[in-house]
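What follows is a set of notes on a single structure, which appears directly below.
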Amino acid sequence: MRELAYLALARSDGMVLAEVSGEIDLSNAEDLRDEIAEWMTNEDHGLVVDLTSVTYADSAGMNLLFILSRQLTDHGQIFAAVLPSESQPRRAFDMVGMGDQIAMFETVAKAQAWAKSESVDT
Amino acid sequence: MSSTDLGIADSAEQLRRLLRVADVALAHLAPEDLLDELLIRVREVLGADTAAVLLLDERTNELVATAAKGIEEEVEAGVRIPVGKGFAGKIAAERAPVVIERVDHRNVMNPILGEKGIISLLGVPLLVRGQVLGVLHVGSLTYRRFTEPDVQLLQMVAERVALGLNVRLYEHEQRLTRVLQQTFLPVGMPRVPGLRFTSKYQPAAGIGGDWYDVLALPSGAVALAMGDVAGHGIEAAASMGRLRNALRACAFEEGDPAEVVARLDRLMEPLDIAGMVTLLYGIVDVEAAEFRFVSAGHVPPLVLTSDDPYFADDGRADPPLGTSRRHRFRSHAVPLDGVSHLLLFTDGLVERRDESLSTGLERLRGESGVVGRASSPAAALDSLVGALLDGSEAKDDIAILLVDVEGPSPSVHVQIAADPAALAVVRRSLGRWLSDLGLRGRLRDDILTATGEAAANAVEHAYGPQGGWMDVGGSLEGNTLKVVVRDGGHWRTRRSGRGRGSRLMRVLMNSVEYETSDSGTTVTMYRELPSR
């Protein structure tokens, strides 16, 4: 069921940018997670998942981010998600307190700037 | 250079300055402010002690003191002078300057002029294209002979002031009319299962008597009105407001549209409505599947069906309101079976200067297919107006009310395999229904998210590898939206309480109830909608 969502992956300066568009639910969340995780290497500093163009995400989508975040931070890599406020995913995530558990940003630029400062610190 | 020449050069310069002030003032100030400012300058330039402007009230044919310097009492007292009477009245009646060398009570109507001790007076009419707008006059507390150059100077000023004032008064009235008119049009549309209302109002310059209304009646039926008050400007807008309120009161008493319109017709005199009023008033009853209406001299409603659209009258409209005493209005019934839309409008939509009304109506009928093809009802109305105006500017207000008789449905229902791929299908059906109900943004998102979680629970937990079905229903009762997600399985984990999905459902909906039995699990969620 990959028709619901599209995934574009890119890498620059050791940071991976995963741009998801469409909808995320039970039918495609795991596939999306696998594809993103497979693209990551041990050399990468971290991952930014851009959900700006995601029009719908349910708790399966939250799990996707939560698991990716845990996997990466366990390996000392940086994880950030881009979720503009007023979007359906952001509201759903905020309503269950996900905002405190993963690093969320309004724009890709802000997420990348944060990721860069974090990787310098470490 | 003689001293006389100097005097002329001097006053020419003064005049230029004065006119400059006039232009600046006219461009930036409200009419009242600009008059005050101007009178100060006029008094200076002419060396007068008093200066005043009286504007014509067309309804009473009286001059009303509007601004004054040196005789402010005139404005405070609200002095009104009939055209033709006294000093100012004579200027207005003759449309010519009047000079009074020595005031005596026989030729001055306004007592304040005498009380102030004004000895000499000069007044000129404020004229625009030969029409009297008012009077501008200056006075002296000492004896003075106003000269021909004085008269010419004041006339030049008056000319400029009249032109500017005309534009400003017109713009001001335009704005007021718009504001007034807007306050009488419905802010939102009632939420009625099985019906959807969309309106478009396009004002033309200087007009202002069209109105429409949609009112949910206590019986559950919906009253629709589309009317046109003759005349223009604030007067027409104010009449429209009184009519609209009176019609609402009459409509609320219920009864056949013929009775309601007759009630309103009897109120025309007490409501102080002089001009002609055309009105289409009708009641849509979804349960009875009928639209019943009266046309008091108004263009007939267009009925859109799966076949040919038609105008729902027999060609014999009743007379406009207030034109005949105790008229017996007749109501027409339109069965709603097979009807998709009703279109109510004012004649501004179909009238063109060089053709008959019936040609215009036929053109509307021909173009009405766009309603079924457009992406949304609002887009349909835009296209319809665009097609009928065909690039020309509207000469009259246009008001349109589109009633979608088929939608939105009071409920939605999907039964589908409890499979992850079904979640998107559930979201599509429910989402379309919510949009039809006029819900959008966060509210719509919240209901979709909560329903998605309930359905995902059924997919994940209700069945074993052999799979099963789920059933998602949405319904609207009053302002309460209810979503029911049902499955026929046995939950491996206890349904309520844990997990982000269940938490989301609880925070996004007003209440969530779980019911488990041998035949399956039912989740019922409620969400209160804002009333509108």
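A quick note: this is a predicted structure, and the numbers were derived from the prediction, not measured. In what follows, every chain begins at residue 1, and chains take the letters A, B, ... in the order their sequences are listed.
If you measure heavy-atom distances from A/Phe93 to chain B, you find no contacts under 4.5 Å at all.
A/Ser59 pairs in a side chain to side chain contact (heavy atoms under 4.5 Å, CB included) with only one of the listed residues (B/Glu453, B/Arg503, B/Met505), which is B/Glu453.
Contact of the B/Leu423 side chain with the A/Glu23 side chain is not registered, since no non-hydrogen atoms from C-beta on lie closer than 4.5 Å.
Considering all non-hydrogen atoms of both residues, A/Asp25 and B/Pro420 come closest at OD2-O, 4.4 Å. For the pair B/Ala456 and A/Leu26, the tightest heavy-atom approach, listed with the atom from each and the gap, is O-CD2, 3.8 Å. When all heavy atoms of A/Ser27 and B/Ala421 are compared, the pair lying nearest together is CB-N, 4.1 Å.
Around atom NE2 of A/His75, no more than 12 heavy atoms belonging to other residues, nucleotides or ligands sit under 6.0 Å away. The environment of CD in A/Glu30 is sparse: at most 12 heavy-atom neighbours from other residues, nucleotides or ligands sit within 6.0 Å. For CG of A/Asp13, the number of neighbouring non-hydrogen atoms (other residues, nucleotides, ligands) closer than 6.0 Å is 12 at most.
Across B/Leu508, B/Val507, B/Leu504, the residue that shares the most heavy-atom pairs under 4.5 angstrom with chain A is B/Leu504.
Ion pairing between a basic and an acidic side chain is recognised when a charged N comes within 4.0 Å of a carboxylate O; B/Asp446 and A/Arg91 show such pairing.
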Q | Working for side chain to side chain contact (heavy atoms under 4.5 Å, CB included), residues A/Thr55 and B/Arg427 | A | CA-CA 12 Å; A/Thr55 54; B/Arg427 285 201 298 279; over 6 Å; no
Q.
Run A/Asp58 and B/Arg500 through salt bridge (charged side-chain N to carboxylate O under 4.0 Å, His left out) and show every step you take.
A. CA-CA 9 Å; A/Asp58 69 359; B/Arg500 292 199 186 93; over 6 Å; no
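Rounding to the nearest 0.5 Å places OH of A/Tyr56 at 9.5 Å from CG of B/Asp445.
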